[in-house]
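Working notes, structure below.
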Amino acid sequence: MAAERQQGRQAAAAPDSLAIELRGISKSFGPVQANKDISIQVRRGSIHGIIGENGAGKSTLMSILYGFYRADAGEIYIGGRLTPIPDSQSAIRAGIGMVFQHFKLVQNFTVLENVILGAEEGRLLRPSLAKARKALADLAREYELEVDPDARIEDLSVGHQQRVEILKALYRQADILILDEPTGVLTPAEADHLFRILKGLREQGKTIILITHKLREIMEITDTVSVMRRGQMTATVQTAETSPEELAELMVGRKVLLRVDKAPAIPGRTVLKVENLRVRDENGVERLKGIDLTVRAGEILGIAGVAGNGQSELLEVLGGIARGAGSVQLNGVELDLSGKHSDGQSRRLQGIAHVPEDRQHLGMIMDFTAWENVAFGYHNEPEYQKNALLMDNEALREDTRRKMERFDVRPPDCTLAAKNFSGGNQQKLIVAREIERNPDLLLIGQPTRGVDIGAIEFIHKQILALRDAGKAVLLVSVELDEIMSLSDRIAVMFDGRIMGFRDPATTDERDLGLLMAGVDDVKGAA
Ligand code: ADP
Ligand code: MG
């Protein structure tokens, strides 16, 4: 069906109007076939989106096009000509530039140094620094990419670092620009700016491939979109002829509810009360500069913000992992902020469950089995103990099996090591472990990072069910969509402070985006 749609909708283009054509690309990593016989045509001067769930094979395909990986089979045509791309230098020579998910800039070099680094082997041979400076200034002006050429990378915001990556590609005269999940690290305003830049590049005849898992971005900026699922290209459609619902279904292989269905909150008593909470990191730098907030029973307080503005520290100190100063009360009882019980154990006994942001390090022990991970932290509970010394492992395994079934963790094998589950299934295991504790307060950070759309729908439902059971939830997420759809109230963090509180019914992305960028609250605090 998907194949028919592809043929039906994508008219065969004349070869010279194509910037890129991939034919029959396949690539395996050991037993994992990341790309299966993929063919795709990208029109010159278009913005072509590639969308797919985590692990669908998007980055692999683009890494092949950029010469980072070699395909096991298949051919690459650039501008209608068969062009082998054995390495990145060949890709650059073919006019391809790539902005990676994780930037590859040298942190203690300046912008100018980074831009010319490695370019001597490109088309501009050994340019003088002055000449390079002029070229950079021209590019910056032409494409709204202003950035101080003498600033050190480490002093730039993430948005500006991204501009440097784009400048670097343009400086090497790229005609084709590949961006891998570029907006994950940006504020909404920065993302808007990036999209303006991309549209400007399209006007100049550049071809852009945009990888994203965000349906909204695809709908907003692309001309054409290709959908990947489990290593295959399942459809290519014109953006104007599709809808987010159709794309979600093509990505997941079944109908997905994109909007969270939720009843109004009925907040009860105050469960968490935080006053003047402060945290310093190991270098003495203040990361939380006096946080005040409350979360009531039956309510989800969502913390919005660009990553790195103190959200992680807030979760860690509330979860008992880090040390803080100030006052935190749970059900009216003052909590110990000394960080002494750094396993978070004492917090759990007090009724706080914690799904940490960094599940790879804080949430799980990757070499341990699923059941050991689910029991982790709770193995001292009476129900699991036959006597003081011996844990009843079979009871723990049985308990894990039940949780895995309820949370649809795949594969449903509790004796498998955590590292053998996909990111989404690891997250489901942790969410199952924490929610099934029936805590008074759930702390949950980036609940759906790296999780596929189907599992996101499921995890969101579980968080709401906990709220509807009268529990308090503190949700931290860098995904504004997630904050907007789950939260009953929203707090925006910037630079270790809360910039303002908002009601999701009366705010929007732009309003939140200003607070996220540190613009002082004009509406006043709630
Ligand atoms: P996406 O970018 O769509 O999230 P990727 O292309 O990164 O997906 O990954 C596709 C599949 O290939 C995943 O199962 C991933 O685990 C696997 N994979 C990607 N890169 C490697 C690698 N270098 N070694 C082993 N497996 C890999
Ligand atoms: Mg990727």
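We count ligands from 1, going down the list as the structure has it; atoms in each ligand are counted the same way. If you're wondering where the values come from, they're calculated on a predicted model, not measured in any experiment.
At a 3.5 angstrom cut-off on N or O pairs, A34 does not count as close to ligand 1. Between G55 and ligand 1, at least one pair of N/O atoms sits closer than 3.5 Å. Residue contacts with ligand 1: V32 is placed with no nitrogen or oxygen under 3.5 Å of a nitrogen or oxygen of the ligand (distance criterion only).
Contact atoms of ligand 1 toward E53: 3 (O) (distance under 4.0 Å to a heavy atom of the residue). Ligand-side atoms of ligand 1 in range of S59: 1 (P), 2 (O), 6 (O), 7 (O), range being under 4.0 angstrom from any heavy atom. Against a heavy-atom cut-off of under 4.0 Å, A56 is close to the following atoms of ligand 1: 1 (P), 3 (O), 8 (O). Under a 4.0 Å criterion applied to the non-hydrogen atoms of Y69, ligand 1 contributes the atoms 20 (N), 23 (N).
Contacts with ligand 1 closer than 4.0 Å are made by no heavy atom of M228, backbone or side chain.
D481 has a carboxylate O that lies under 4.0 Å from a charged side-chain N of R216, or vice versa, which qualifies the two as a salt bridge.
For residue S59, an N/O/S atom approaches the Mg ion (ligand 2) to within less than 2.8 Å.
Of the options T60, I51, I211, the smallest heavy-atom separation from atom 5 (P) of ligand 1 is shown by T60.
Evaluation of the salt bridge (charged side-chain N to carboxylate O under 4.0 Å, His left out) rule for R230 yields no partner, not counting sequence neighbours. Residues satisfying the salt bridge (charged side-chain N to carboxylate O under 4.0 Å, His left out) criterion with R81, sequence neighbours excluded, are absent altogether.
The only member of V99, I166, L145, I221 that meets side chain to side chain contact (heavy atoms under 4.5 Å, CB included) when paired with L194 is I166. Results of the side chain to side chain contact (heavy atoms under 4.5 Å, CB included) test with F109 over V106, L112, V111 single out V106 as the only residue that passes.
The closest approach between any non-hydrogen atom of G52 and ligand 1 is not below 4.0 Å. Within the structure, ligand 1 lacks M62 among the residues with a heavy atom less than 4.0 angstrom away.
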CA sep, side-chain torsions, deciding dist, call: T369, E372, side chain to side chain donor-acceptor pair (under 3.5 Å): CA-CA 5 Å; T369 64; E372 286 165 326; 3.0 Å; yes

Check against salt bridge (Lys or Arg N to Asp or Glu O under 4.0 Å), R402 and E436: CA-CA 11 Å; R402 280 198 305 268; E436 297 267 306; over 6 Å; no

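At least one test fails for K199 against the ring of F195: distance under 6.0 Å to the centre or angle within 45° of the axis.
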